[in-house]
Amino acid sequence: MESPKFLYLQTFGCQMNVSDSEKIASLLAGVGYQLTEESTAADLIILNTCTVRAKAEEKVYRQLENLRPLKRKKPSLLFGVGGCVAQQEGERLLEKVPYLDLVFGTHNLHRIPQIVLAAEEGRRLSETDFIDNETRLGLFPSDDQPGGVTRFVTVMQGCDNYCSYCIVPYVRGREISRRSADIIAEISQMAANGVKEITLLGQNVNSYGLNDPDQPDFAGLLRMVSDIVGIERIRFTTSHPKDITRPLIDCFAQLPKLCGHIHLPAQAGSSAVLARMNRGYTRQDYLDKVAALRAARPDIAITSDIIVGFPGESEADFAETLSLVEETRYTDIFSFIYSKRPGTAAAEFDGDLPYDLKLERLDRLAEVQKKITREFNKAQVGSVQKVLVERASRRPGQIFGRSSYNQIVNFDGDISLVGSLADVEIIEGYQNSLLGRLVTGH
Ligand code: 5AD
Ligand code: SF4
């Protein structure tokens with residue numbers, strides 16, 4: 001028997017890349033590669049990359065440089081780059097990085113075994129062509145190793161929204177929805193294997209099914225998933241505010257399995273900036289959606305993505321972002337400094353702001369949100385919450401799970417509770433997590 005070959009796989013960016021990496025690992029297992037945590041043991045190193053901001057892209061080049069000495073020590077070691085930087089740069093990557101052996105794009109995961117086998121024979125390939133929808137449908141990342149407590153399930157891929165700052169539509173391609181029958185079959189299998197929580201995943205899950213008359217809409221899909229016996233919790237990400245529909249809002253009122261949390265990126269609080277971002281909603285539209293969600297599920301936790309320093313963002317525009325954050329009272333936000341991405345509409349916009357000003361705004365925003373998060377976390381103290389126990393915490397004797405609001409809760413408890421929905425009284429609210437106490441006798 002051939003000796004095993006080792007794959008060191010590093011994933012950057014979003015959950016979609018994490019899911020693609022699982023697929024890459026299982027495809028390469030088919031041609032003899034075992035995953036290793038040690039880059040020094042590797043025969044093949046693959047970076048699954050992100051290009052949503054310039055910094056994320058630079059990280060990839062830096063990491064390749066960092067790993068380069070390994071190749072000097074072991075000349076047969078192969079380097080590959082996949083994901084969104086690969087999609088954006090294609091062939092050019094092989095020119096830019098002379099010690100790189102292979103490149104594959106976001107639509108070419110299925111070709112990875114052949115590309116790697118070619119590289120083993122000394123051929124340097126770059127495959128980044130987008131593929132037709134029929135082929136794409138057959139290639140949706142599906143679960144190879146069902147198990148665990150909580151799993152992600154990809155329901156759609158790609159994005160047709162063309163927000164003016166965003167490179168995703170160019171590197172992930174057009175929106176495509178997976179067949180609901182395939183999704184339900186996969187989740188049913190997971191449920192049979194003991195999975196309790198499902199997060200439905202897509203760049204823009206709310207447009208699920210809209211391009212395909214044979215599929216339900218997203219609210220319909222949620223109802224189908226909710227009917228699966230054994231699945232106790234449902235989450236989804238990411239939502240576009242313009243596509244939050246009445247039927248979807250009703251799901252929050254009517255589906256007890258649907259968790260009390262939604263990630264609803266606002267990006268900005270000023271209608272003028274939102275228009276230039278091509279977001280398709282105004283500040284008021286956004287606030288109306290938030291109000292409708294809260295009417296359906298009064299305790300719903302809302303999180304957001306916010307970009308500061310978009311071209312032409314005035315102090316008054318930024319003040320509107322701060323006030324939107326105050327008004328919505330997010331449980332948390334991800335905030336980003338605007339980063340110019342090649343090929344996007346906003347890359348041509350005037351009004352670039354000095355970096356120091358962008359940084360200052362980022363800090364001011366973080367300050368405002370930190371306070372709200374802390375207040376929210378403190379307000380949880382004394383409440384009893386259902387926590388889905390996922391694993392042992394870092395601290396010995398403690399276990400870790402999430403509340404319905406997606407907050408991290410640590411509490412003293414036995415590892416045998418993993419997979420159960422425990423009643424936990426919150427006894428401390430910190431900045432990034434909660435401390436609880438198992439409630440017995442329920
Ligand atoms: N600059 C900064 N942030 C960006 N995002 C997307 N594109 C950019 C960009 N060019 C942010 C958005 C999005 C999140 C995933 O990344 O807030 O919701
Ligand atoms: Fe990018 Fe906008 Fe699509 Fe989200 S909805 S992936 S921000 S283009």
Side-chain angles (χ1 to χ4, degrees), residues 11-20 49-59 83-85 87-88 106 154-177 201-208 210-211 218 236-244 262-270 273-281 285-286 289 302-313 318 321 324-325 328 330 332-349 351-353 355 357-359 361-362 365-366 369:
T11 309
F12 300 82
C14 68
Q15 192 56 45
M16 194 62 82
N17 269 8
V18 174
S19 148
D20 283 351
T49 63
C50 171
T51 183
V52 77
R53 285 168 290 277
K55 261 198 187 146
E57 187 182 336
E58 287 155 16
K59 229 195 240 174
C84 295
V85 174
Q87 189 60 50
Q88 179 187 276
T106 57
T154 306
V155 301
M156 58 83 63
Q157 288 189 320
C159 182
D160 292 349
N161 286 318
Y162 292 96
C163 299
S164 63
Y165 51 81
C166 187
I167 202 160
V168 167
Y170 305 94
V171 291
R172 284 279 171 180
R174 299 286 58 72
E175 277 177 8
I176 183 171
S177 297
L201 184 66
Q203 263 87 22
N204 184 19
V205 288
N206 308 131
S207 24
Y208 175 82
L210 297 185
N211 289 337
F218 187 59
F236 56 84
T237 198
T238 289
S239 292
H240 194 303
K242 79 172 165 47
D243 298 322
I244 297 282
I262 186 167
H263 185 59
L264 193 64
Q267 311 296 359
S270 141
V273 172
L274 288 169
R276 274 185 287 124
M277 285 179 163
N278 191 32
R279 288 291 287 174
Y281 54 87
D285 295 336
Y286 184 87
K289 296 272 163 103
I302 305 178
T303 52
S304 193
D305 293 344
I306 301 280
I307 297 176
V308 302
F310 188 73
E313 181 190 69
F318 178 64
T321 292
L324 182 88
V325 167
T328 311
Y330 294 116
D332 213 348
I333 60 172
F334 297 98
S335 42
F336 308 103
I337 288 184
Y338 168 71
S339 170
K340 188 183 206 167
R341 305 311 292 128
T344 60
E348 311 298 321
F349 290 1
D352 193 18
L353 301 182
Y355 189 72
L357 180 60
K358 293 181 190 168
L359 208 55
R361 287 185 181 166
L362 189 74
L365 175 61
Q369 181 57 47

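Each ligand, and each atom within it, is numbered from 1 in the order the structure gives. Just so it is clear, the structure is predicted and the values come from calculations on it, not from any experiment.
In summary, no N, O or S atom of Cys163 is located under 2.8 Å from atom 3 (Fe) of ligand 2.
Atoms of ligand 2 lying under 4.0 Å from at least one heavy atom of Tyr165, given by number and element, are 7 (S). Interface atoms of ligand 2 facing Pro169, defined by a heavy-atom separation under 4.0 Å, are 8 (S). If you number the atoms of ligand 2 from 1 as listed, the ones under 4.0 Å from a heavy atom of His240 come out as 5 (S). In the vicinity of Asn161, heavy-atom distances shorter than 4.0 Å reach the ligand 2 atoms 5 (S). Close approach of ligand 2 to Arg279 is summarised as follows: ligand atoms under 4.0 Å from at least one heavy atom of the residue are 2 (Fe), 7 (S). Against a heavy-atom cut-off of under 4.0 Å, Cys159 is close to the following atoms of ligand 2: 3 (Fe), 5 (S), 6 (S), 8 (S).
Heavy-atom minimum distance, Ser304 versus Ala266: OG-N, 2.9 Å.
Side chain of Asn204 to main chain of Cys159: no donor-acceptor pair is present (N/O by atom type, distance under 3.5 Å, no hydrogens or angles). Tyr170 places no side-chain N or O within 3.5 Å of a backbone atom of Pro342 that could act as its donor or acceptor partner. The closest donor-acceptor contact from the side chain of Asn17 to the backbone of Thr11 lies at 3.5 Å or more, if one exists at all.
Put simply, CD1 on Ile337 and CG on Leu359 are 4.5 Å apart, with the number rounded to the nearest 0.5 Å.
Under a cutoff of 6.0 Å and an axis angle of 45°, Arg53 and Phe336 form a cation-pi pair.
Each of Thr106, Thr154, Thr238 was compared with Met16 under the side-chain contact (heavy atoms from CB on, under 4.5 Å) criterion, and only Thr154 meets it.
Nearest to atom 18 (O) of ligand 1 among the protein's heavy atoms is Asp305 OD2, 2.6 Å. When only non-hydrogen protein atoms are considered, atom 16 (O) of ligand 1 lies nearest to Arg53 NH1, 2.8 Å. The protein atom (non-hydrogen) at minimum distance from atom 1 (Fe) of ligand 2 is Cys166 SG, 2.3 Å. Closest protein heavy atom to atom 2 (C) of ligand 1: Ile337 O, 3.3 Å. What sits closest to atom 7 (N) of ligand 1 on the protein, heavy atoms only, is Tyr165 CD1, 3.3 Å.
Annotation for Tyr162: atom OH counts as buried by contact number, over 12 foreign heavy atoms lying within 6.0 Å.
Contact annotation: for Ile307 versus ligand 1, heavy atoms closer than 4.0 Å belong to the side chain alone.
Counting protein heavy atoms under 4.0 angstrom from atom 8 (S) of ligand 2 gives one or more.
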